[in-house]
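Reading through the structure tokens given below for one structure.
Numbers for residues simply follow the sequence, beginning at 1.
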Amino acid sequence: MQFVDEASIIVEAGKGGNGCLSFRREKYVPRGGPDGGDGGHGGSVYLIGDDALNTLIDFKFQRFYKAQNGQGGMGRQMSGKAGEDLHVKVPVGTTVIDEDTLEVIADVTEIGQVVLVGEGGRRGLGNIHFKSSTNRAPRRTTPGTDGDRRNLRLEMKVMADVGLLGMPNAGKSTLIRSVSAAKPKVANYPFTTLVPNLGVVKLGMHEHFVMADVPGLIEGASEGAGLGLRFLKHLTRTRLLFHVVDVAPFDESDPVEAAKAIVHELGQFSPALSERPRWLVLNKFDLLPEDEREERAQKIIQALNWEGPVFRISAISSDGTDKLVQAAYRWLTEQRRLEHEDEEALAREEEMRRRMEEESVARTEARLGRRRKRDDEDDEDFDDDDYDVEVEYAP
């Protein structure tokens with residue numbers, strides 16, 4: 001199945017039913033009076049989080065979603081039937097943005113979470129509501145109002161505990177294949193990973209966590225270079241980052257410069273994300289002679305002024321990966337325990353997530369704004385003369 005993490009849709013709530021103009025007409029009931037009933041409310045449109053979905057591909061084929069209109073009122077004081085609400089399932093981790101105002105409407109982060117995105121129209125009133133002592137035969141009713149119509153942009157971010165960060169061909173896909181059942185494409189050339197991949201790392205009974213592998217970053221990714229911005233946003237859902245560094249790149253590039261470029265792009269995209277706990281994972285040690293491995297590792301660590309955890313692994317042979325995932329599981333477990341027992345720790349985590357989400361949304365808004373400006377400029381290039389075509393016939 002194709003992975004789609006962005007989609008634009010149109011939602012339209014139902015129109016409210018009109019009020020009825022009617023008078024009671026029965027034998028032996030003189031001057032029956034008004035008996036027009038009210039219309040029914042229009043149906044609303046809701047989005048609901050569903051863990052069975054992991055892509056927005058369905059919204060590429062169906063873009064218009066409309067709730068049912070309310071039924072009009074009837075005589076004998078009978079109200080019209082309300083329109084049925086429309087519930088649209090979306091993957092957990094979906095951010096909903098109003099494309100016209102660039103306002104973030106909601107963030108669907110829980111299974112079963114329900115979000116109102118289009119409110120149904122109000123019902124119209126029948127003429128029975130307008131009778132009085134001076135107006136015993138009112139001919140006044142009110143129409144039902146239109147339901148909300150919105151252009152929405154859906155952006156899905158994968159829900160994972162650990163995110164893999166690094167240059168193309170650093171070995172991220174090989175690592176997630178080594179420690180989980182995920183099978184992303186692996187090859188000896190850059191950009192083999194074109195979409196995020198999720199893998200469940202299982203250590204024992206009831207001991208597991210989710211790891212996310214996103215396409216490799218290049219310089220300028222925070223500004224949209226490569227696959228850049230489109231997939232950097234997925235890392236904002238993670239708690240821990242593995243910065244995977246190739247210690248023996250095939251093109252003989254400098255691993256230190258590559259690592260610094262990744263750190264720079266991360267900070268440019270989201271300062272809050274760059275503050276996330278990050279572990280240095282030195283990969284492909286099996287390609288180095290044994291007597292050079294530690295010297296190469298220390299050189300990279302010192303050049304980066306690294307003070308955090310460091311792991312030396314060979315993802316393709318699974319050497320050192322057990323130690324890495326065991327340490328990650330212990331760290332994640334401790335973090336959850338702290339957040340459960342300490343309100344300040346929970347508040348810090350919520351504040352961090354809020355900042356990352358705001359910065360990610362700001363990037364998205366800027367991108368949509370640039371696209372809108374470009375489209376407007378393209379429209380301005382056309383005038384009436386552009387439709388005049390001169391045909392020349394060759395002799």
Side-chain angles (χ1 to χ4, degrees), residues 7-50 52-53 56 58-91 94 96-108 110-154:
S8 295
I9 63 173
I10 301 171
V11 297
E12 183 176 329
K15 181 181 182 298
N18 296 327
C20 176
L21 176 63
S22 174
F23 294 94
R24 188 177 181 186
R25 290 289 185 269
E26 293 184 33
K27 193 175 182 181
Y28 308 121
V29 184
R31 302 171 185 171
D35 68 349
D38 302 333
H41 294 299
S44 298
V45 182
Y46 296 89
L47 301 183
I48 182 169
D50 188 349
L53 302 177
L56 297 174
D58 293 337
F59 299 100
K60 288 292 185 181
F61 301 103
Q62 181 178 349
R63 297 190 57 207
F64 184 70
Y65 296 85
K66 188 180 187 311
Q68 192 176 47
N69 292 333
Q71 186 180 14
M74 294 166 282
R76 298 187 179 182
Q77 302 183 32
M78 290 190 293
S79 297
K81 181 181 178 182
E84 291 187 8
D85 295 334
L86 178 64
H87 291 81
V88 181
K89 295 180 179 180
V90 297
T94 300
V96 186
I97 303 172
D98 189 315
E99 281 200 326
D100 297 322
T101 64
L102 299 182
E103 171 194 4
V104 178
I105 298 174
D107 201 11
V108 183
E110 299 179 2
I111 300 173
Q113 180 180 347
V114 179
V115 176
L116 174 65
V117 293
E119 186 172 5
R122 305 296 296 175
R123 66 182 182 181
L125 300 178
N127 65 335
I128 192 173
H129 290 279
F130 301 98
K131 67 179 180 179
S132 66
S133 59
T134 58
N135 185 8
R136 299 187 179 185
R139 294 183 173 276
R140 178 185 172 189
T141 62
T142 59
T145 61
D146 292 331
D148 293 337
R149 181 185 173 96
R150 275 178 160 174
N151 298 314
L152 301 181
R153 183 168 186 81
L154 306 181

Has the side chain of [X] got a donor or acceptor atom that lies under 3.5 Å from a matching backbone atom of [Y]?
X	Y	value
Asp85	Val45	no
Asp98	Leu152	no
Asp38	Gly126	yes
Gln68	Gly83	no
Asn151	Glu99	no
Asn18	Gly144	yes
His41	Ala82	no
Ser79	Gly37	no

Passes side-chain contact (heavy atoms from CB on, under 4.5 Å), Ile10 versus Tyr65? Steps please. CA-CA 6 Å; Ile10 301 171; Tyr65 296 85; over 6 Å; no

Roughly how far, to the nearest 0.5 Å, is the [atom2] atom of [Y] from the [atom1] atom of [X]?
X	Y	atom1	atom2	value
Asp107	Ile97	CG	CD1	9.5 Å
Leu21	Asn127	CG	CG	5.0 Å
Arg140	Asn135	CZ	CG	10.0 Å
Ile48	Thr94	CD1	OG1	12.5 Å
Glu119	Tyr46	CD	OH	7.5 Å
Thr142	Phe130	OG1	CZ	5.0 Å

Would you say that Leu154 contacts Ile9 through its side chain, given a criterion of any heavy-atom pair below 4.5 Å between the two side chains? yes

Side chains of Leu53 and Val90 in contact at under 4.5 Å (non-hydrogen atoms): no

Testing the basics here: between [X] and [Y], what is the closest heavy-atom pair and its distance to 0.1 Å?
X	Y	answer
Arg139	Phe23	NH1-CE1, 4.0 Å
Ile128	Gln77	CD1-CD, 3.2 Å
Arg149	Phe64	NH1-CE1, 3.6 Å
Ala13	Ser44	CB-CA, 4.3 Å
Ile105	Leu116	CG2-O, 4.4 Å
Lys66	Gly14	NZ-CA, 4.2 Å

Apply side-chain contact (heavy atoms from CB on, under 4.5 Å) to residues Leu125 and Thr141 and explain how you reach the verdict. CA-CA 6 Å; Leu125 300 178; Thr141 62; over 6 Å; no

With sequence neighbours excluded, tell me which residues meet side chain to side chain contact (heavy atoms under 4.5 Å, CB included) with Asp146. Lys15

Short side-chain donor-acceptor distance under 3.5 Å, Ser8 and Arg153: yes

